Amino acid sequence: MAGVAPVSVGILGVTGSIGTQALDVIRAFPDRFRLVAVSGHTNSLGLAAIANEFRPERVAVGSADQVAIIRKHMDYDPVIEVGESGLVALATHPMDQLVVAIVGTAALPAVVAAIPHVPHIALANKEVLVAAGSRIMAMVRAHGTRLIPVDSEHSAVFQCLAAVDFNRDRIHHMTLTASGGPFWGRDPHTFDTITPAEALRHPNWDMGSKISVDSATMVNKGLEVIEAHHLFDMAWDRIRVVVHPQSIVHACIETVDGAILAHMGRPDMRYPIQYAMTYPERWATPFKQDGLTALSGLEFFEPDRDAFPWLDLAICCGKAGGVMPIVFNAANEVAVPLFLNGQVSFMGMYDTIRRILDAYAAETVVTIADIIELDKRVKNHVTIRNSLV
Ligand code: NAD
Ligand code: MG
């Protein structure tokens, strides 16, 4: 594409699963993307290696003690930002596009800061929409920001909706698929013996640890229903979930005139990441699909809502609105590492969230600052409570 200026890109959470796959997309199109800003959190050496390869002008690290380490391992001299304020500074760096690949509501201040400044945001993070979806979507509309989902189901819905000109009146409902995770079909009476290693072993996707555990509990699908509600302004009873163990159909929409439009593909996040980064164009990808015959043998089931009570609890919190989805998400963000560290059992993650929801149900939030404050308070509460047990 001689003569066309490359798209300048920032990636928040560049050292993670989505972040490194976004780098694969940039590597696939070296003349068409230019990486200008990146953030990591604790992996200083990984971040230094990425910076040396792509030479972004600005790099953010999680804490001040990492600055000397990263400088020592870098062979050039970018601006280095530190901590939460550093992330916000990075998010407002002049650029055409920002990929948000941080896990958790830690991304919220940066997303809010980026919306007025960056014209195109590829959003992988779902927790910020769960905690602050209506406010974020209102900001996106007010600033005319292009917010493209990276999450595979939402990318799939987004691509299907193009077939009905994004007119929601033309669809009856949308369906998000769930793999069912590693414990689909396992006797729920044995759930308390589940180990972190088992929960991290996702059958189809290779992902970060938090979303892997969320997939094992089906919290992930609950968060995704809330994400879809906000992204597509879709009524709760028009968003359905089916278990599809092969993870080939990522989502479908059923039109009012009886068609089922499904989006299919091998479970590989590089496709939805590339789509979100190149939208509204489609660029010839080097990541090749297997073709239909390799994708056969598809099965679809109703979710087991008794074995995985997190799913309905999350959706119920989404529907209730107010502080409920914020508290659900914050409690879950702490419950997952507690489980991974052996401090609570698999089902203990559910009990932890339930108890904390009761404690905060009467609270209210108005602004995004209120949401950030409540999110931190809930996380501290869950952490302290469990360190005392
Ligand atoms: P990951 O754990 O692999 O990477 C997370 C990134 O966020 C890392 O770069 C880490 O340094 C950074 N980070 C972590 N805590 C931070 C903090 N407090 N402040 C700043 N940065 C911090 O996670 P992932 O699997 O890449 O997931 C990222 C997001 O994308 C999540 O919201 C997840 O739900 C969503 N997502 C992931 C996948 C996937 O396949 N991995 C698919 C769909 C959606
Ligand atoms: Mg998903």
Side-chain angles (χ1 to χ4, degrees), residues 10-24 38-47 50 59-63 66 70 81-91 99-111 122-131 148-158 176-181 200 202 204-215 218-228 231 241 244 247 249-251 263 265-273 275-276 329-330 332-334 336-337 340 372 375-376 379:
I11 304 180
L12 301 181
V14 73
T15 52
S17 164
I18 293 290
T20 52
Q21 293 180 85
L23 293 178
D24 287 342
V38 293
S39 85
H41 190 51
T42 51
N43 179 0
S44 313
L45 298 189
L47 186 60
I50 290 166
V59 175
V61 295
S63 55
Q66 292 174 55
I70 191 166
E81 308 282 357
V82 179
E84 287 181 21
S85 59
L87 267 189
V88 169
L90 204 80
V99 179
V100 182
I102 289 176
V103 60
T105 49
L108 183 52
V111 170
L123 183 68
N125 179 296
K126 60 194 75 180
E127 293 87 355
V128 296
L129 286 178
V130 170
I148 310 296
V150 167
D151 209 347
S152 54
E153 299 77 3
H154 306 75
S155 175
V157 167
F158 187 77
L176 311 180
T177 61
S179 68
L200 288 173
H202 195 277
N204 304 335
W205 298 94
D206 185 10
M207 308 181 287
S209 58
K210 194 258 178 187
I211 185 173
S212 297
V213 175
D214 284 351
S215 299
M218 293 197 76
V219 160
N220 185 49
K221 213 48 55 180
L223 300 181
E224 289 187 355
V225 169
I226 303 173
E227 183 185 6
L231 275 173
V241 173
H244 166 49
S247 299
V249 174
H250 301 305
H263 176 284
R266 198 156 49 85
D268 182 334
M269 286 306 295
R270 292 174 305 177
Y271 304 116
I273 295 170
Y275 179 79
N329 178 71
N332 181 60
E333 279 196 43
V334 180
V336 169
L340 290 174
I372 294 170
D375 171 79
K376 287 193 172 152
K379 287 176 179 168

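Predicted, not measured: the structure shown is a model, and the values here were computed from it. Every number for a ligand or one of its atoms is a count from 1 in the order of the listing. All values below come from the heavy atoms of this structure, side chains included, with hydrogens, waters and symmetry mates left out.
What sits closest to atom 43 (C) of ligand 1 on the protein, heavy atoms only, is Asp151 OD1, 3.1 Å. Nearest non-hydrogen protein atom to atom 29 (C) of ligand 1 is Ile102 O, 3.6 Å. Protein heavy atom nearest atom 4 (O) of ligand 1, with residue, atom name and distance: Gly16 CA, 3.2 Å.
Under 4.0 angstrom from ligand 1, there are no non-hydrogen atoms of Glu84.
For ligand 1 and Ala124, the ligand atoms under 4.0 Å from any heavy atom of the residue are 30 (O), 35 (C), 36 (N), 44 (C). Of all the atoms in ligand 1, the ones that sit under 4.0 Å from a non-hydrogen atom of Leu87 are 20 (C). Under a 4.0 Å criterion applied to the non-hydrogen atoms of Lys126, ligand 1 contributes the atoms 32 (O), 34 (O), 44 (C). Atoms of ligand 1 lying under 4.0 Å from at least one heavy atom of Met207, given by number and element, are 39 (C), 40 (O), 41 (N). Each of the following atoms of ligand 1 lies closer than 4.0 Å to a heavy atom of Ile211: 25 (O), 33 (C), 34 (O), 36 (N), 37 (C), 38 (C), 42 (C), 43 (C), 44 (C). Within ligand 1, counting atoms from 1 as listed, the ones closer than 4.0 Å to a heavy atom of Met269 are 40 (O), 42 (C), 43 (C).
For atom 5 (C) of ligand 1, the nearest non-hydrogen atom from the set Val14, Ile50, Val103 belongs to Val103. The nearest non-hydrogen atom to atom 3 (O) of ligand 1, considering only Ser17, Ser212, Ser63, comes from Ser17. Here the shortest heavy-atom distance to atom 8 (C) of ligand 1, taken over Asp268, Ile18, Thr15, belongs to Thr15. The residue among His41, His154, His202, Glu127 with a heavy atom at the shortest distance from atom 16 (C) of ligand 1 is His41. Between atom 18 (N) of ligand 1 and the options Ala106, Gly62, Ser152, Ser215, the minimum heavy-atom separation is to Ala106.
Remark: the backbone N or O of Val249 is paired with a side-chain donor or acceptor of His244 at under 3.5 angstrom. Panel note: side chain Ser155, backbone Asp151; no donor-acceptor pair is recorded below 3.5 Å. Under a 3.5 Å cut-off, the side chain of Glu81 and the backbone N or O of Gly86 do not form any donor-acceptor pair. Within the 3.5 Å criterion, the main-chain N or O of Ser212 finds no donor-acceptor partner in the side chain of Asn220. A donor-acceptor pair under 3.5 Å is formed between the side chain of Gln66 and the backbone N or O of His41.
The nearest pair of heavy atoms linking Pro109 to Ile372 is CG-CD1, 3.9 Å. Heavy-atom minimum distance, Ala101 versus Ala124: CA-CB, 4.4 Å. Minimum interatomic distance between Leu12 and Ala110 (heavy atoms only, all atoms of both residues): CD1-CB, 3.7 Å. Pairing each heavy atom of Ala251 with each of Thr177, the nearest pair is N-OG1, 4.3 Å. The two residues Ile226 and Val130 come nearest to each other via the heavy atoms CG2-CA, 3.9 Å.
Atom CG of Asp206 has 12 or fewer heavy atoms from other residues, nucleotides or ligands within 6.0 Å.
Residues Lys376 and Glu84 are paired through a salt bridge, judged by an N-O separation under 4.0 Å between the basic side chain and the carboxylate.
Residue contact annotation: Ala101 has a non-hydrogen atom under 4.0 Å from ligand 1. Residue contact annotation: Asn43 has no non-hydrogen atom under 4.0 Å from ligand 1. Heavy-atom separations between Lys210 and ligand 1 are all 4.0 Å or longer.
Inspection of the environment of the Mg ion (ligand 2) yields the following protein N, O or S atoms under 2.8 Å: Asp151 OD1, Glu153 OE1, Glu224 OE2.
Taking any N or O of Gly208, backbone or side chain, at least one lies under 3.5 Å from an N or O belonging to ligand 1.
In this pair, His263 and His250 present their aromatic rings tilted. The plane angle is within the 30 to 60° band.
Asn43 and Thr15 share no donor-acceptor pair across their side chains, judged by distance under 3.5 Å alone. Between Asp375 and Thr105, the side chains place a donor N or O and an acceptor N or O closer than 3.5 Å (distance only, hydrogens not considered).
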